[in-house]
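Only this structure's heavy atoms are used, side chains among them; waters, hydrogens and symmetry mates stay out. Here is the naming used below: chain letters follow the sequence lines, and residue numbers restart at 1 for every chain.
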Amino acid sequence: MLIAKFPDIDFAPHPLMTRAEKSHEQLCARVPPERLLEVMRFLRTDDRCNFEQLCDLTCIDYLNFPKARDRYGVIYSLLSITKGHRLWVKCFANDPSPQVPSVVSIWKGANWLEREVWDMFGVRFTGHPDLRRILTWEAFEAHPLRKDYPLRGRGEREDFERITRESA
Amino acid sequence: MGLALPVSPTYQASKEEYLSTKLSYLMDILREKTVNWSRKNSLWPMPFATACCGIELMATGASRYDIARFGAEVMRFSPRQCDLLICAGRVAIKTMPVLQRIYMQMSEPKWVISMGACASSGGVFDTYAVVQGVDQFLPVDVYVPGCPPRPETLLEGVMAIQRIVEKEGVRSSTERGRGMGLVIQPTIQVQVENPTAN
Ligand code: SF4
């Protein structure tokens with residue numbers, strides 16, 4: 001049914017467990033960013049889909065990943081409570097300014113999740129009402145969960161005001 | 001008769017003055033000792049517990065270890081009422097301004113304990129977001145080692161603060177200087193019996 005509605009989108013069974021027998025295959029949809037809002041709104045409102053809940057919204061940095069074509073994959077995990085089915089939606093973005101449309105207008109809970117992905121991966125969500133950093137501090141420049149970011153940072157943790165007994 | 005000591009009328013007066021100065025000096029010492037003694041036995045800690053070390057800090061406050069034996073049971077969550085900052089746990093860079101503000105809000109004289117490996121050196125969290133030792137940004141008096149330190153170790157740290165209070169008195173931390181070179185030996189020595197046995 002989904003395939004009939006959106007023939008250009010790549011639907012594939014997505015094994016959750018690769019080593020055990022493939023009993024937990026779930027549908028996975030690869031949606032280009034331009035069509036994301038349209039597809040998501042359909043998934044949320046259509047009577048046959050009814051994905052009321054956005055379980056998770058996260059991101060993967062595919063830098064140096066074998067056979068990867070795009071760098072950032074924003075991943076949505078959807079659950080329909082009434083129908084009892086699940087769906088993964090993946091949306092890919094690329095450097096230099098990765099952008100994905102925001103789904104806050106469809107699921108309100110996406111607000112903080114998108115802020116986290118922006119903070120950690122630097123993927124901009126266009127149309128987000130309040131895209132600020134959520135975990136790191138405001139003056140922080142980098143996006144630390146990117147694969148090319150060094151674990152110890154680039155000196156941000158030393159760059160701070162010092163309080164001595166004399167100045168306090 | 002040139003050997004006679006010149007006894008001037010002012011000499012007697014200055015001797016009295018000397019005696020009274022000496023007396024007030026003794027009174028000062030006595031007063032300072034009393035103040036130090038009472039202050040060291042009623043430290044009011046400010047618990048800045050950010051991680052697992054905080055649990056151990058709570059255990060130290062609970063009945064089994066009972067920090068009240070050292071007069072430090074009055075944990076206050078307003079820095080204005082405290083004179084001992086116990087920094088227990090790792091401090092993220094985002095938390096550092098909060099910790100510094102708390103330190104600056106505490107009234108003089110004040111002391112700081114850095115509790116645990118994380119607060120003292122960053123511990124295993126050698127990452128971009130964790131302060132590698134609060135002493136980089138704050139003056140610390142006593143470091144309590146361990147991950148987490150056992151309550152006994154923290155009590156030893158509190159006792160070290162008590163010794164500092166006794167020795168250095170109620171001078172403000174500006175007068176005390178940086179004071180970080182202080183080495184305090186533990187009071188309890190571990191005796192190893194028969195180190196050559198087995
Ligand atoms: S020193 Fe150990 S117990 Fe204390 S905060 Fe760090 S990891 Fe936790």
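Under a hydrophobic clustering in which Ile, Leu, Val, Met, Phe, Trp and Tyr are joined whenever their side-chain heavy atoms come within less than 4.5 Å, directly or via other members, A:Phe125 and A:Leu145 fall into the same cluster. Cluster annotation: A:Ile134 and A:Val100 are assigned to the same hydrophobic cluster (Ile/Leu/Val/Met/Phe/Trp/Tyr, side-chain heavy-atom contacts under 4.5 Å, transitive). Side-chain heavy atoms closer than 4.5 Å link hydrophobic residues (I, L, V, M, F, W, Y) into clusters, and following such links, possibly through other members, connects A:Val89 to A:Ile106. Linking ILVMFWY residues whenever their side-chain heavy atoms come closer than 4.5 Å, directly or via other members, places A:Phe51 and A:Leu57 in the same cluster.
Interface with chain B: from residues 110-120 of chain A, residues A:Met120 qualify, criterion being any non-hydrogen pair under 4.5 Å.
Between B:Thr127 and A:Arg152, every side-chain heavy-atom pair lies at or beyond the 4.5 Å cut-off.
When the shell of 6.0 Å around CZ of B:Arg64 is examined, it contains 12 or fewer heavy atoms from other residues, nucleotides or ligands. By the neighbour-count criterion of 12 heavy atoms within 6.0 Å, atom NZ of A:Lys83 is densely surrounded, having more than that number from other residues, nucleotides or ligands. Surrounding CD of A:Glu141 are at most 12 heavy atoms belonging to other residues, nucleotides or ligands under 6.0 Å away.
The two residues B:Tyr128 and A:Trp137 come nearest to each other via the heavy atoms O-CH2, 4.4 Å.
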